[in-house]
Amino acid sequence: MKLVDPASLGFLLLPFTQALQLPFGIPTSVHGIRSTLGASFKVPEFIKKFADPISTSPLYSLHRSLIEIPSVTGNERGVGEWLAGYLIGKNFTVETQAVSGDRINIFAYLGKNRTTHTLVTSHIDTVPPFIRYKATSNTIYGRGSNDAKGSVASQIIAVEELIAEEVITEGDVSLLFVVGEETLGDGMKTANSLGPKWKTVIFGEPTENKLAVGHKGIVMFDIIAKGKASHSGYPQLGVNANSHLVEALSKIEHMILPKSDLLGESTVNIGLIQGGVATNIISPYANASVLIRLAGDLDETLEVIKKTVHGLPVELRFVGVAYGPQETDYDVENFETIICSYGTDVPNLHGDHKRYLYGPGSIFTAHSDNEYVLKSDLTEAVAGYKRLIKESLWPTKRVPAIIEKVIKEEETIAPVSRSAMVGDKSS
């Protein structure tokens, strides 16, 4: 069955207004209705639903509000202040934590108990550039719609619903929304000084509503080659830095890196290359920036990188963040699982807690110029987060795998009669 776009409602009803010879047409928005009938006219709820279906859904409305506020990393203040106000309006106790400049993390909980059993968290920053919000009957577009404001909105609504259902109370769950995840993770690193330690942390990222079994680590480094400029007609008088860099990059691209049975192969990306002055000058300087997604051990990977360029006339300079592969918990039944090759804030939050990684949307559309999330994925994510929260507070008691195996093996053994075991005394 094909769904009717609400925007077409006015067109569908137009013949009826003409037949009735009404002095007005059927507008296609709530604003249009008020313009036609007067600002004091109270628009019935069923008309609101058709004219602006987003506003009638707490989930979609919250999601839209978050997307409409630009929050490229480094400029998250606006969305942080708005979100703090929203949560205060929902009767949460809200703390803002300074990160750098005017950037703030948002920490919220019920009542006065800021030390809760479970923490639900995601990030409110996005990659550039800002892309405006747009919604169709099934899909929502815009920067952050997927990564990760879809997670933020779904997490908040999940917690609100559990409170309304009287499933959770003060001391059970807190919310943390951080800045800076898309670059250095400085928001989550700062959050380590908040004080509380949690038993379980549920991280929100686009995982297609599947539980992540883990994600790869990351190493970033620059390779720098220095040469000597000379006229290109007399290359023997100079040293070509570009040639040295090309040789090093070839070896880097073909090196054998540690891998993992769980996460697979490590991958290498030569992301930036710069070098030279002009085509008629032997290049005096060249450099490249490389990013590796680690599936294997961090220390072993660093050793392989160093050995690969050892003896070459280049300098190796490690930059930015570096961490090894991250394993996350996936012990909740009836969730599909996924392996993630991207980085998250999981390693940036210290503590001995269970770690779940889950959220709506696909990483394949995140960061793209057509970033989007399906409305159905947002709705499904609310249910998923509720299940994870409840499981974190009241874990399902399961038979240990080794005992379960023994039970199944015993069930397959044919029963033997007692007489066969002791002998038939009738003979």
Side-chain angles (χ1 to χ4, degrees), residues 72-75 100-101 125-131 180-186 215-260 263-325 341-343 347 363-364 366-370:
V72 173
T73 308
N75 294 284
S100 65
D125 67 312
T126 71
V127 296
F130 173 69
I131 300 173
E181 188 274 344
E182 295 291 359
T183 53
L184 300 176
D186 52 345
H215 69 75
K216 294 181 179 180
I218 190 170
V219 169
M220 294 184 287
F221 58 92
D222 294 336
I223 303 176
I224 300 164
K226 296 179 180 179
K228 180 183 177 183
S230 73
H231 192 289
S232 62
Y234 305 90
Q236 69 275 16
L237 300 178
V239 177
N240 197 319
N242 289 354
S243 298
H244 292 325
L245 180 63
V246 168
E247 181 184 6
L249 291 178
S250 177
K251 291 181 179 294
I252 287 289
E253 200 165 34
H254 293 94
M255 61 186 173
I256 306 300
L257 293 170
K259 56 184 180 180
S260 160
L263 300 177
E265 303 279 349
S266 296
T267 58
V268 178
N269 180 52
I270 301 170
L272 294 171
I273 300 177
Q274 297 175 313
V277 179
T279 56
N280 59 353
I281 299 174
I282 299 298
S283 173
Y285 180 87
N287 73 286
S289 296
V290 181
L291 186 149
I292 296 178
R293 302 285 182 179
L294 281 72
D297 182 75
L298 173 60
D299 292 334
E300 289 181 25
T301 301
L302 294 175
E303 281 303 309
V304 171
I305 296 169
K306 293 173 184 177
K307 288 180 179 178
T308 298
V309 298
H310 180 71
L312 298 179
V314 295
E315 175 188 349
L316 200 60
R317 185 180 299 166
F318 292 96
V319 298
V321 296
Y323 56 81
S341 295
Y342 55 85
I363 196 65
F364 297 147
H367 298 198
S368 73
D369 57 3
N370 192 42

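Computed from a predicted model, the values in this text were never measured in an experiment. Worth knowing before you read on, the calculation uses all heavy atoms, side chains too, and leaves out hydrogens, waters and symmetry mates. All residue numbers in this chain count up from 1 along the given sequence.
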How far apart are the closest heavy atoms of [X] and [Y], and which atoms are they?
X: Asp297; Y: Pro258; answer: N-CB, 4.1 Å
X: Leu294; Y: Thr301; answer: CD2-OG1, 3.7 Å
X: Ser230; Y: Gly238; answer: OG-N, 3.3 Å
X: Asn242; Y: Ser283; answer: OD1-OG, 2.9 Å
X: Arg293; Y: Gly343; answer: NH1-N, 3.4 Å
X: Ala295; Y: Pro325; answer: O-CG, 3.4 Å

Answer yes or no: is there a side-chain heavy-atom contact under 4.5 Å between [X] and [Y]?
X: Ile273; Y: Leu245; value: yes
X: Val277; Y: Pro284; value: yes
X: Ser341; Y: Thr267; value: no
X: His231; Y: Ile281; value: no
X: Thr126; Y: Glu182; value: no
X: Phe221; Y: Lys306; value: no

Please round to the nearest 0.5 Å and tell me the distance separating atom [atom1] of [X] and atom [atom2] of [Y].
X: Leu237; Y: Ser232; atom1: CG; atom2: OG; value: 11.0 Å
X: Gln236; Y: Ile282; atom1: CD; atom2: CD1; value: 9.0 Å
X: Ile305; Y: Phe318; atom1: CD1; atom2: CZ; value: 4.5 Å
X: Ser289; Y: Ile224; atom1: OG; atom2: CD1; value: 8.5 Å
X: Lys251; Y: Thr308; atom1: NZ; atom2: OG1; value: 8.5 Å
X: Ile223; Y: Glu315; atom1: CD1; atom2: CD; value: 11.0 Å

Test side chain to side chain contact (heavy atoms under 4.5 Å, CB included) applied to Val268 and Val219, Ile292, Leu291, the passing residue =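 One option only clears the test, and that one is Ile292.
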
Is there a side-chain contact (heavy atoms from CB on, under 4.5 Å) between Glu247 and Val314 once you walk through the steps?
-> CA-CA 10 Å; Glu247 181 184 6; Val314 295; over 6 Å; no

Without swapping roles, check the side chain of Asp222 against the backbone of Val319 for a donor-acceptor pair under 3.5 Å.
->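 No.
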
Can you label the angle between the Tyr323 ring and the His215 ring as parallel, tilted or perpendicular, going by 30° and 60°?
->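 Rings of Tyr323 and His215: perpendicular, as their planes differ by over 60°.
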
State whether the number of non-hydrogen atoms from other residues, nucleotides or ligands found under 6.0 Å of Asn370 atom CG is greater than 12.
->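 Atom CG in Asn370 is packed in, count exceeds 12.
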
Please report the C-alpha distance between Leu249 and Val290 in whole Å, then the side-chain angles of each, then the deciding distance to 0.1 Å, and finally whether the side-chain contact (heavy atoms from CB on, under 4.5 Å) criterion is met.
-> CA-CA 9 Å; Leu249 291 178; Val290 181; 4.3 Å; yes

Could you go through the side-chain contact (heavy atoms from CB on, under 4.5 Å) check for Met255 and Ile252 one step at a time?
-> CA-CA 5 Å; Met255 61 186 173; Ile252 287 289; 3.9 Å; yes

